[in-house]
Amino acid sequence: MNTVEEILGKDLYKKIQEKLGNDRGLIIDNGMLIPKHRFDCINVSLREHKALVQKLQEENRQLSEQLTEFESIKLENSKLKREQRIMELIILSKPKNFNAVRSNIEVGESTGKKLDSVVNRRISELKKTDPYLFYGEQKYRLIPVDEPIATEIKQ
């Protein structure tokens, strides 16, 4: 890039500089003269934009990290809600030992109403195969003290 001083020569350049003042240098761009302050303004603007780009890239990186953290928390939350719903359904079935009933119920990846139906079906199967895990719907009758207790089942 040629400077005005190289193009005009030292003598003519000094005369022009005296006329314009020392703080108003000129540079040549494709045959056109540009005031130095304008060129400096563009350079300052370019530096500011580069700093802004770096700042926005850092902010974007932080937001993407927060997004992945949010997604993992959201996934954990949905798993906890699913497990809570399973627990509610088991408790409604009146188990004697909650942990024993829960360990016998495998639901896979079911969610929503399908989860409810799978859990209820497994509970009803457990009530048939292992009725000792649940409080029955049996009604107890009170026996007066003076009556003997029948230990044999009448058929």
Side-chain angles (χ1 to χ4, degrees), residues 1-4 20-155:
M1 181 194 245
N2 296 332
T3 62
V4 176
L20 293 175
N22 286 337
D23 62 336
R24 297 176 127 195
L26 299 176
I27 56 174
I28 293 182
D29 181 34
N30 295 333
M32 299 179 69
L33 298 175
I34 301 173
K36 186 176 183 323
H37 70 80
R38 185 168 176 201
F39 182 76
D40 291 340
C41 289
I42 292 172
N43 275 340
V44 168
S45 175
L46 180 64
R47 283 188 219 110
E48 289 174 354
H49 283 91
K50 284 182 180 179
L52 179 63
V53 165
Q54 287 178 344
K55 178 184 171 189
L56 290 174
Q57 285 174 340
E58 177 64 24
E59 188 176 321
N60 187 23
R61 186 187 60 77
Q62 290 174 352
L63 288 174
S64 65
E65 288 174 1
Q66 288 176 353
L67 178 65
T68 56
E69 184 179 331
F70 173 74
E71 288 173 347
S72 65
I73 290 171
K74 189 176 177 182
L75 179 64
E76 184 68 25
N77 186 25
S78 66
K79 287 179 183 178
L80 290 173
K81 283 183 178 180
R82 186 172 171 266
E83 188 61 31
Q84 179 185 7
R85 183 61 185 155
I86 293 170
M87 289 179 180
E88 288 173 353
L89 292 171
I90 291 172
I91 289 173
L92 288 174
S93 69
K94 301 177 186 174
K96 289 182 180 176
N97 184 345
F98 174 83
N99 292 330
V101 173
R102 177 61 184 110
S103 64
N104 285 307
I105 294 179
E106 183 62 38
V107 292
E109 296 297 320
S110 305
T111 57
K113 293 190 181 220
K114 187 175 181 183
L115 174 70
D116 290 1
S117 65
V118 169
V119 172
N120 286 330
R121 186 174 60 242
R122 285 296 297 142
I123 288 172
S124 65
E125 289 171 4
L126 278 174
K127 282 184 177 181
K128 289 177 187 172
T129 59
D130 301 323
Y132 58 88
L133 291 174
F134 301 93
Y135 289 109
E137 299 297 323
Q138 305 159 351
K139 296 185 179 178
Y140 298 98
R141 75 180 172 95
L142 297 174
I143 301 174
V145 177
D146 56 343
E147 280 187 29
I149 299 175
T151 56
E152 293 182 10
I153 300 174
K154 295 180 183 178
Q155 293 187 10

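Positions are given from 1, in the same order as the sequence printed here. For clarity, every value in this text was computed on a predicted model and none was experimentally measured.
Side-chain contact between Arg121 and Val118: present, with at least one pair of heavy atoms (C-beta onward) separated by less than 4.5 Å. A 4.5 Å side-chain heavy-atom check between Ile105 and Leu89 finds every atom pair outside the cut-off. Between Ile86 and Arg102 there is a side-chain heavy-atom pair separated by less than 4.5 Å. Under the 4.5 Å side-chain criterion, counting only non-hydrogen atoms from C-beta, Leu80 is not in contact with Glu83.
Applying the 6.0 Å contact sphere to CD of Glu69 captures no more than 12 heavy atoms from other residues, nucleotides or ligands. At most 12 non-hydrogen atoms from other residues, nucleotides or ligands lie less than 6.0 angstrom from CD of Glu106. Around atom NZ of Lys81, no more than 12 heavy atoms belonging to other residues, nucleotides or ligands sit under 6.0 Å away.
In this structure, Arg122 pairs ionically with Glu125, as a charged nitrogen and a carboxylate oxygen lie closer than 4.0 Å. Ion pair Arg61/Glu58 flagged as a salt bridge, since at least one NZ, NE, NH1 or NH2 atom sits closer than 4.0 Å to an Asp/Glu carboxylate oxygen.
Closest of all the heavy-atom pairs between Lys96 and Phe134 is CE-O, 3.4 Å. Of all heavy-atom pairs spanning Pro95 and Ile90, the tightest one is CD-O, 3.2 Å.
Residue Leu63 holds its CG atom at 13.0 Å from CZ of Phe70, rounded to the nearest 0.5 Å. Atom CD1 in Ile73 sits 12.0 Å away from atom OG in Ser78 (nearest 0.5 Å). The line from NZ of Lys114 to CG of Asp116 is 12.5 Å long, rounded to the nearest 0.5 Å. A distance of 8.0 Å separates CD1 of Ile123 from CG of Leu92, quoted to the nearest 0.5 Å. Taking OH of Tyr135 as the start and NZ of Lys94 as the end, the distance is 11.0 Å to the nearest 0.5 Å.
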Using a 3.5 Å cut-off and no angle test, enumerate the donor-acceptor pairs between side-chain atoms of residues 40-53 and protein atoms at least two apart in sequence or in another chain.
{"residue": "Asp40", "atom": "OD1", "partner": "Lys36", "partner atom": "NZ", "Å": "3.4"}
{"residue": "Asp40", "atom": "OD2", "partner": "Lys36", "partner atom": "NZ", "Å": "3.1"}
{"residue": "Ser45", "atom": "OG", "partner": "His49", "partner atom": "ND1", "Å": "3.3"}
{"residue": "His49", "atom": "ND1", "partner": "Ser45", "partner atom": "O", "Å": "2.6"}

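Put simply, the side chain of Asp130 never gets that close to the backbone of Tyr132: no donor and acceptor are under 3.5 Å apart.
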